[in-house]
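Notes follow the structure.
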Amino acid sequence: MFMKEMPIGFKSLAVKLTLFILLINTVVLSTLGVYYSRHFGLYIENQLVAQSQIPGVLMNESSLNYSMVRNTEVLERLIGREVEHAMVVRAGGRVLYSSSAREEGLRLRDIDPGSAVFEQLMEVDGELLIRKNVYRTESRRNVVMPLHIQGTLAGYLWIAVNTERDMHFKRQLTVIFFLGTLACILVGGFTQALIVNRLVVPRILRTVHCLQAVQNGNLAARIPIGISGDEIGVLESSVNTMASEIELRTSAREEATREMELAKEVAEDARIEAERASMAKSEFLANTSHEIRTPLNGILGLSELLLDSPLNEHQQEQVDTILNLGENLLGTINNILDLSCVERGHVELLLEPFDLHRFFAELERAFVPSTMGYGIPLEIKIDPEIPRYIEAARGPLRQILSNLITNAFKFTRKGRIYVHAKSEGVDAEQHRCQIRFSVEDTGIGIPAHARSKIFEAFSQADGSSTRRYGGTGLGLTISSQLVSQMRGNLTVESEEGKGSTFVFELPFTYLDALPNDRDGNLPFNAEKKQEPNPLSGAKVLVVEDNKINRLMAKTFLKREGCEVVEAEDGQKALEALGLGTGPSSSPHLFDLIVMDIQMPVLDGLEATKLIRERENPENRVPIIAFTAHAMQGDRETFVAAGMNDYLAKPMRKQQLLDVLQKYVDPVFA
């Protein structure tokens, strides 16, 4: 790139500075001229009024007889200006003395009504009152003042003074002032501009020439600097310093390159260390997930087994509650342990059709223990205008509402908790609806200063609340992120001491009916129930080190007519398959394998790899991962090891049966 040529004309800095200085001088001096001109005029007028009152003061002090108004020459000598007309008027409105003899003895109302005196004096109930002390015309000022005899109002002195000479003097002074101002503007402006052009512009040009020389490769070019320490001097010094720096940097380029390479190595070491820390964190989360999901799998599985056994109505309701609470706990665990979900707000939203009324009924049952324990009623109301069947991410929606309701119970000690689903519009053509969800409580409320941070991770409105009320502070954060991913916005309205209301709106697709009876909302098809069970007679190998999980899976499968063989680890699974010593070309002995991942002796991944290596490649047995590992990327790891599918703990009975049916007899899947 090359520097541009020096600007000329109006693009020149010298021309711009000259015009700018002239403009500033013009504005400033003109403003001052107008200001002082106006104030000088007021000064003259105030002086005139004060002098015009001298005769009245002398008359009040009895130093001057009232009859002196007949002689305007005397008044002119007292005032110092030409007196055109003067009168002494009694308080009753009759003219006592006047410079015009024909007016003496007359009442003011008998005098020509157009007289200027009526602009200042008026008659009220037979007495004169002063309307205004000074009356202005273009060339005259009329002044009126009261006259007193021994403290009693005797009348008024009215004098009309000619101000033509004062106005003429004012105009002359104004012209002289503005001519002087114009001269100052021109002389001062051009003088300042000349100084700028002589002292500033040449120094700027020297700076430009030096920069052009440096750009052209002459790194030794410098600006000759005097002793000036002004701004331009600083600029000149900076330019010289810059040229020296460029010269030094050019000679030290190799050293800078070496330093850059060293910095890259340091950054790479930092990146590797960060990756190690991230791997350690992921490993910790994976292990934590496994340790929590494994017992939770037993809780949910055994609860489902209980539901299939003879129970009275009260027992069945209790087991239902255990299942719902377990599912809520599972949803919370999924979000807490999935760090990527918490940090990036990324959750897989699996849309499924369901009955919104049954959804809220299950939600209400899940909080029966909380209602009984806290003694706080939970009221749920559904707007009848809301379609009953919707397609949505049921799990995340349930977790959002569960988090908000749990939060409400936590901070409410009396009153009630109110959950409302309200229709905000239904589009029948598009089968779309907008639903507004709100969770209201009568708890402690949130201070105004704390509302902005309650949706931040690991935070509560009051730090002491963590100890007093418990909780990690993640519930509202997760709820806010889930609502955002579902194209909504979670907000709060609260008053300290009076409770809080959390509100969010979400769009949904609604259905006229559910596509299947899995939710128990549609009647079963009698013919369908007569269909043969595709799992009956299937031989399944369950590889699981946890005794309770083996028992649960075995019970589920046997009730479906499956033949189940158990193995405590991967090595015993190989032996059960007849692959313990090496490759085999015999047909496999099982229709399907359910394989845990984390086991002693030989884990599920290594066992799967050995099975794939040793089995007959033309007759591969389907292997389903059954594990508490549920972190991002786990599924891909299992598939890469040779597994066909993936079931995360805790799993539900129907999930297990659906996956097994998919591989045992695809016709019925």
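This one's a predicted model, so the numbers in the text were calculated from it and none came from an experiment. Values below: all heavy atoms of this structure, side chains included; hydrogens, waters and symmetry mates excluded. Numbers here simply count residues along the sequence, with the first being 1.
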**Study point:** Nearest-0.5 Å distance that lies between atom CG in L397 and atom CG in L363
**Key:** 8.5 Å
Review point. So how far is it from L557 CG to L592 CG, rounded to the nearest 0.5 Å?
Key: 9.0 Å
Practice item. Mind running side chain to side chain contact (heavy atoms under 4.5 Å, CB included) on V621 and E615 for me, showing each step along the way? Key: CA-CA 8 Å; V621 59; E615 70 178 348; 3.5 Å; yes
**Study point:** The single option from L605, D603, T608 passing side-chain contact (heavy atoms from CB on, under 4.5 Å) against I597
**Key:** L605
Practice item. Work out which heavy atom in Y374 is nearest to a heavy atom in K410; give both atom names and the distance. Key: OH-CA, 4.4 Å
Check your understanding: Considering residues, nucleotides and ligands other than E618, do more than 12 of their heavy atoms fall under 6.0 Å from its CD?
Key -> no
Check your understanding: Would you say the side chain of T509 lies within less than 4.5 Å of the side chain of L351, judging by non-hydrogen atoms?
Key -> no
Practice item. Check the pair L610 / L579 against side chain to side chain contact (heavy atoms under 4.5 Å, CB included), numbers first and verdict last. Key: CA-CA 8 Å; L610 291 174; L579 302 175; over 6 Å; no
Practice item. With the side chain counted from C-beta on, respond yes when I593 and L577 share a heavy-atom pair under 4.5 Å apart, and no when they do not. Key: yes
Point to revise | Test side chain to side chain donor-acceptor pair (under 3.5 Å) applied to N644 - qualifying residues, sequence neighbours left out | key: R612
Check your understanding: CG of L506 to CD1 of I390: how many Å apart, nearest 0.5 Å?
Key -> 9.0 Å
Practice item. List for me each residue that meets side chain to side chain donor-acceptor pair (under 3.5 Å) alongside S480, sequence neighbours excluded, and say none if there are none. Key: none
**Study point:** More than 12 heavy atoms from other groups under 6.0 Å of NZ on K381
**Key:** no
Practice item. Of all the heavy-atom pairs spanning I376 and R416, show the shortest one and how long it is. Key: CG2-CA, 3.8 Å
Review point. Is there side-chain contact between I611 and L574, with at least one heavy-atom pair below 4.5 Å?
Key: yes
Review point. Which word best sums up how the rings of F504 and F437 line up, parallel for under 30°, tilted for 30 to 60°, or perpendicular for over 60°?
Key: parallel
Exercise for review: Please name the pair of heavy atoms, one in M599 and one in D545, separated by the smallest distance, quoted to 0.1 Å.
Suggested key: CG-OD1, 4.0 Å
Review point. Who passes side-chain contact (heavy atoms from CB on, under 4.5 Å) against K609, sequence neighbours left out?
Key: E606, A641
Check your understanding: Among all residues two or more places apart in sequence or in another chain, which pass the side-chain contact (heavy atoms from CB on, under 4.5 Å) test with S423?
Key -> D383, E385, I386, V426
Exercise for review: Taking atom CD of E493 as the centre, report whether more than 12 heavy atoms of other residues, nucleotides or ligands fall under 6.0 Å from it.
Suggested key: no
Review point. Sequence neighbours excluded, which residues qualify as salt bridge (Lys or Arg N to Asp or Glu O under 4.0 Å) partners of D645?
Key: R635, K662
Point to revise | For R487, salt bridge (Lys or Arg N to Asp or Glu O under 4.0 Å) partners two or more places apart | key: none
Check your understanding: Quick one: OG1 on T442 to NZ on K414, what's the gap to the nearest 0.5 Å?
Key -> 8.5 Å
Exercise for review: Supply the atom-to-atom distance I382 CD1 to F360 CZ, rounded to the nearest 0.5 angstrom.
Suggested key: 5.5 Å
**Study point:** Nearest heavy-atom neighbours spanning S494 and G499
**Key:** OG-O, 3.1 Å
**Study point:** Smallest separation among heavy atoms of L602 and Q571, with atom names
**Key:** CB-N, 3.6 Å
Practice item. Mind jotting down which residue pairs meet the salt bridge (Lys or Arg N to Asp or Glu O under 4.0 Å) criterion with at least one end in residues 498-507? Sequence neighbours excluded, please. Key: E495-K498
Review point. Listed by chain and number, what are the side-chain contact (heavy atoms from CB on, under 4.5 Å) partners of D512, not counting sequence neighbours?
Key: H431, Y510
Review point. Between L660 and V594, is a side chain to side chain contact (heavy atoms under 4.5 Å, CB included) present by the stated rule, with each step listed?
Key: CA-CA 9 Å; L660 297 185; V594 178; 4.0 Å; yes
Practice item. Decide yes or no on side chain to side chain contact (heavy atoms under 4.5 Å, CB included) for N549 and D596, but give the supporting numbers first. Key: CA-CA 10 Å; N549 289 337; D596 186 24; over 6 Å; no
Exercise for review: Taking all heavy atoms of T501 and all of S438, pick out the closest pair and write down the distance.
Suggested key: CG2-CB, 4.3 Å
Check your understanding: How many angstroms lie between CG in L551 and CZ in F556, if you round to the nearest 0.5 Å?
Key -> 10.0 Å
Point to revise | With sequence neighbours excluded, residues passing salt bridge (Lys or Arg N to Asp or Glu O under 4.0 Å) with E391 | key: none
Point to revise | Counterpart residues, side-chain contact (heavy atoms from CB on, under 4.5 Å), relative to K572 (two or more places apart) | key: A567, E568, D569, E575
Check your understanding: Are the side chains of V659 and F626 in touch, meaning some heavy atoms are under 4.5 Å apart?
Key -> no
Practice item. Using a 4.5 Å cut-off on heavy atoms from C-beta on, say whether the side chain of V565 contacts that of F590. Key: yes
**Study point:** Pairs touching residues 423-434 that satisfy salt bridge (Lys or Arg N to Asp or Glu O under 4.0 Å), sequence neighbours left out
**Key:** none
Practice item. Please identify each residue that fulfils salt bridge (Lys or Arg N to Asp or Glu O under 4.0 Å) with R550, with sequence neighbours left out. Key: E566
